[in-house]
Amino acid sequence: MSKIEMKTPLVEMDGDEMTRILWKYIKDELLIPFIDLKTEYYDLGLEHRNETDDKVTFDSAYATQKYGVAVKCATITPNAARVEEYNLKEMWKSPNGTIRAILDGTVFRAPIIVKGIEPCVKNWKAPITIARHAYGDVYKASEMKIPGPGKVELVYTAEDGSTESVLVHKFDSAGIVQGMHNLEPSIESFARSCFNYALDTKQSLWFATKDTISKKYDHTFKDIFQEIFDAEYKEKFDAAGIEYFYTLIDDAVARVMKSKGGFIWACKNYDGDVMSDMLSSAFGSLAMMTSVLVSPSGVYEYEAAHGTVQRHYYKHLAGEETSTNPVATIFAWTGALRKRGELDGTPELAAFADKLEKATIATIEGGQMTKDLALITELENVTVLNTENFIKAIRATLEAM
């Protein structure tokens, strides 16, 4: 059979450890046999990032701006142990943080629903989508270890040379300090992305911060959301029969647990990172969640929301069999291929992405799955497959379709 043609390349960002192994399996078994796959390839594996002084990460983000659609493998954000393990020149920043800062926009994450994999929270009947701000906060923070007694001040110097300062803390011992920032234009883009996505999907929108404690930083987020909603979206939400409301993050957490789902929960950067992992695990597995960064300029970057599965990678290196779930990585590829097809006017490419997703879900619902799903499924007489055989089972289902 002839392969499906692509007009424009995807930006392909390869990654690390076990997800890098999955990446190759997926391309070899599920994509290249069916698609004349065109990508502009960037190796974001930690070794290559170190060799290029992390320039490759910036290059991949600029390429995404050029081509409009990217697909990204999970990558390592190094800590001190990783610096030693990989003999790094320095502790490179999060590649996701770098890419998101360049592209701006909002990360939308939603669980992949499969029959037989029921949520841990029994009253959740519909997916909960996390809308995560993709700029600033702790991911662009500056940090310092304080060696001993002294004071730390936050100083703003205006372009005319005038200054304002505030005392952060007067230290009487060694300690640590961190400075975070955000930008009003980025917060405005975040708000509009959330409101537009809510209207597109006909879902109500929640937004939560800790403005009672952070009376300037978090309160600014709250104010910008409310101002934009009142001026631009209130009538549209009323007409669509959906609502927007703000609440404290602790109240939101309590409400989410008692909800039936079916709404969008907008969070600041770190909150969204943590809460999306909680939701994906509670809906079934960390490997069962879609993730897409949508920028205000109409650029899309699809990725798996989980990490590099380090433990399985070390087993793989030791020659042991692994049963690593590749579903989120498959859905990153399908999301990017579908969007590429939509933007290029190639419906057969978008249709292939739909079929691959259906084949993946049908394989699981037919009783073939990885170990993480077998441990929590309500289906009986399931077959636990290793990573490679699960992907081959999906291919068999896809070919039958």
TODO: Quickly, which of Thr346, Val71, Val69, Leu37 forms a side chain to side chain contact (heavy atoms under 4.5 Å, CB included) with Leu337? Name it, please.
DONE: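 Exactly one pass, corresponding to Leu37.
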
Open item on the list: Which residue is it: Val327, Thr387, Ile330? I am looking for the one with a side chain to side chain contact (heavy atoms under 4.5 Å, CB included) to Leu22.
Closed with: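 Only match with Leu22 under side chain to side chain contact (heavy atoms under 4.5 Å, CB included): Thr387.
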
Counting N and O atoms only, with roles assigned by atom type, does the side chain of [X] sit under 3.5 Å from a partner on the main chain of [Y], one being a donor and the other an acceptor?
X	Y	result
Asp16	Ile76	yes
Ser204	Glu243	yes
Ser276	Asp273	yes
Ser281	Asp277	no
Asn50	Leu88	no
Asn123	Ser259	yes
Lys215	Thr212	yes
Thr377	Gly116	yes
Asn182	Ile187	no
Thr383	Gln368	no

Heavy-atom closest contact ([X] atom, [Y] atom, distance):
X	Y	value
Met91	Pro78	CG-O, 3.2 Å
Lys355	Met401	O-CE, 3.8 Å
Leu44	Arg49	O-CD, 3.0 Å
Lys72	Trp23	C-CH2, 3.5 Å
Ser323	Val384	OG-CG1, 4.2 Å
Ala304	Thr329	CB-OG1, 3.8 Å

Would you find more than 12 non-hydrogen atoms of other residues, nucleotides or ligands less than 6.0 Å from [X] atom [atom1]?
X	atom1	value
Ile176	CD1	no
Asp172	CG	no
Glu164	CD	no
Glu84	CD	no
Lys89	NZ	yes
Asn381	CG	no
Tyr270	OH	no
Lys371	NZ	no

Taking atom types as modelled and ignoring hydrogens, do the side chains of [X] and [Y] form a donor-acceptor contact shorter than 3.5 angstrom?
X	Y	value
Thr57	Thr98	no
Ser94	Asn96	no
Glu357	Thr334	yes

To the nearest 0.5 Å, tell me how far [X] [atom1] sits from [Y] [atom2].
X	Y	atom1	atom2	answer
Ile264	Ile242	CD1	CD1	7.5 Å
Ser165	Tyr156	OG	OH	13.5 Å
Met369	Ile394	CE	CD1	11.5 Å
Glu232	Arg192	CD	CZ	4.0 Å
Glu378	Glu118	CD	CD	4.5 Å
Cys73	Lys27	SG	NZ	10.5 Å

Going by an N to O cut-off under 4.0 Å, is there a salt bridge joining [X] and [Y]?
X	Y	result
Arg338	Glu342	no
Arg20	Asp43	yes
Asp59	Lys55	yes
Asp251	Arg255	yes
Asp54	Lys93	no
Lys210	Asp250	yes

Open item on the list: Tell me every residue that passes side chain to side chain donor-acceptor pair (under 3.5 Å) with Lys38, counting only those two or more places apart in sequence or in another chain.
Closed with: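 Lys38 satisfies side chain to side chain donor-acceptor pair (under 3.5 Å) with Asp36 once adjacent residues are dropped.
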
- [ ] Take Arg132 and Glu303, measure what salt bridge (charged side-chain N to carboxylate O under 4.0 Å, His left out) needs, and give me the verdict at the end.
- [x] CA-CA 14 Å; Arg132 175 185 171 187; Glu303 63 177 345; over 6 Å; no

- [ ] Could you name each residue pair satisfying ring pair (Phe, Tyr, Trp, His ring centres under 6.0 Å) that touches residues 130-151, not counting sequence neighbours?
- [x]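 Pairs touching residues 130-151 that pass the test: His133-Phe190, His133-Phe221, Tyr135-His181.
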
Open item on the list: Test: ring pair (Phe, Tyr, Trp, His ring centres under 6.0 Å). Region: residues 347-366. Which pairs qualify, not counting sequence neighbours?
Closed with: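 Output for this query lists Phe34-Phe352.
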
Are [X] and [Y] packed together at the side-chain level, in the sense that at least one heavy-atom pair is separated by less than 4.5 angstrom?
X	Y	result
Leu205	Tyr197	no
Glu17	Tyr314	yes
Val56	Glu51	no
Pro326	Phe390	yes
Met6	Ile4	no
Ile26	Ile391	yes
Phe283	Pro119	yes
Pro95	Thr77	yes

Task: Aromatic ring proximity Tyr246/Phe225, centre distance under 6.0 Å - done: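 Judged by ring-centre distance (under 6.0 Å), Tyr246 and Phe225 do not meet the cut-off.
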
- [ ] Run the numbers on Tyr67 and Leu10 for side-chain contact (heavy atoms from CB on, under 4.5 Å), then give the verdict.
- [x] CA-CA 7 Å; Tyr67 289 105; Leu10 294 172; over 6 Å; no

TODO: Identify which one of Phe229, Tyr233, Phe207 satisfies the ring pair (Phe, Tyr, Trp, His ring centres under 6.0 Å) criterion when paired with Tyr244.
DONE: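 Only one of Phe229, Tyr233, Phe207 forms a ring pair (Phe, Tyr, Trp, His ring centres under 6.0 Å) with Tyr244, namely Phe229.
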
- [ ] Please work out which of the three classes, parallel, tilted or perpendicular, describes the rings of Tyr313 and His316, given edges at 30° and 60°.
- [x]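 His316 and Tyr313: parallel rings.
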
